[in-house]
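Values below: all heavy atoms of this structure, side chains included; hydrogens, waters and symmetry mates excluded. Indexing begins at 1, ligand by ligand and atom by atom, following the structure's order. One is the number of the first residue; the rest follow in order along the sequence.
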Amino acid sequence: MIMKKIIILISALALWVSGYSQRTCGSELNMEYIRQTDPVRYRRIIAWESAVQQNLRSSMKYSSANKIIIPVVVHVVYSSTSQNISNAQIHSQIQVLNEDFQRRNADKEKTPPAFSNVAGSANIEFRLAKVDPNGNPTDGIIRTRTSVAVFTQDDNNVKSSSTGGSNAWNTRRYLNIWVCNLKAPLIGYAQFPFNFETSPNTDGVVIDYKYFGRDGSAMSPYNKGRTTTHEVGHWLDLRHIWGDKVGCSGTDYVSDTPDQEDKTLGCPSFPKTDHCTQVSPGVMFMNYMDYTNDACLNMFTKGQVERMLALFNSQNGIRKEMLLYADALTAPTPPLHLWTHRCLQSECVHHQVFR
Ligand code: ZN
Ligand code: CA
């Protein structure tokens with residue numbers, strides 16, 4: 001009898017431990033740690049940042065009046081039936097991305113009035129690809145069975161078929177999203193654009209299958225698709241809102257997001273203040289680049305949107321080439337015969353793709 005009670009107690013404890021999940025994103029950038037351990041990388045990030053700030057001051061800025069279409073490919077890499085998420089689950093995620101980035105999200109009304117004047121909407125539309133890199137029709141979803149039970153950020157194995165994953169489609173043309181079983185407590189990670197030139201084949205975002213899409217098979221409290229909104233925010237060069245440093249000296253390089261002492265977990269009630277924001281309106285914990293629960297996130301700022309657009313600057317924007325074929329790669333009736341393989345698969349940047 002006592003034994004049975006102990007067993008029940010132990011299983012309850014195990015359930016509590018495994019059921020407890022706190023948002024953990026793999027894209028934290030501890031600049032001081034990087035400075036000390038990897039000075040080369042540190043200098044590269046600092047140089048990147050100074051170029052971004054220059055770009056933001058430039059008169060050649062990307063106009064927000066021009067819509068940016070981003071062709072998306074979703075690689076579902078699964079080792080069990082539940083990991084092989086449905087098309088409906090994937091479509092719900094694309095819808096969330098469009099709502100959140102364009103500020104068409106139903107819960108935008110929850111943005112406190114004190115912050116609504118800086119709320120930003122990006123003229124960005126995410127579309128599942130209709131043409132693959134070989135010029136063939138596709139639904140923009142790749143399904144790959146794997147024998148790998150758990151993927152990690154350190155090895156990036158999910159991004160290569162030789163290691164049980166799925167190879168990226170040309171990252172100059174497509175946003176690659178991998179959905180797989182990630183090693184807990186990690187629920188997603190992204191590759192920052194400052195790594196694009198050195199590591200083009202791993203560009204994109206990775207999301208745990210339990211937190212991808214809205215409702216359906218997604219698990220509370222990360223069941224509103226905001227993990228992907230957050231990671232795609234990183235892919236578009238956004239940093240964590242608290243600057244990945246405890247204290248007030250960390251920065252996300254965006255001026256209209258208030259300094260914030262640390263990440264926010266759970267779902268606090270507004271207003272919340274900390275040592276950096278001791279006065280109203282306090283911490284912007286409803287920003288997608290914080291760690292708050294999905295249901296409590298609802299905004300990007302104008303400054304964050306400007307930062308995203310800098311990547312598409314016609315002069316030196318690192319993602320500007322994505323604009324060249326985005327329309328045709330996502331058109332309802334793709335002009336299939338017009339494609340040359342070379343341009344879609346490699347780094348051709350001119351308009352010779354049409355015969
Ligand atoms: Zn993050
Ligand atoms: Ca800021």
How about V254: does one of its N, O or S atoms come closer than 3.0 Å to the Ca ion (ligand 2)? yes
Could you pull out the atom name of the N/O/S atom in H230 that is nearest the Zn ion (ligand 1)? NE2
Any ion pair linking D107 and R226 (charged N to carboxylate O, less than 4.0 Å)? yes
Assess the side chains of D256 and Q304: does a donor N or O sit below 3.5 Å from an acceptor N or O? no
Between D294 and the options K224, R23, R214, the salt bridge (charged side-chain N to carboxylate O under 4.0 Å, His left out) test singles out R23
Is the Ca ion (ligand 2) less than 3.0 Å from an N/O/S atom of T251, whether that atom is in the backbone or a side chain? no
Under a 3.5 Å distance rule, please check whether N181 uses its side chain to pair with a backbone N or O of A149 as donor and acceptor. yes
Are any N, O or S atoms from D252 nearer to the Ca ion (ligand 2) than 3.0 Å? yes
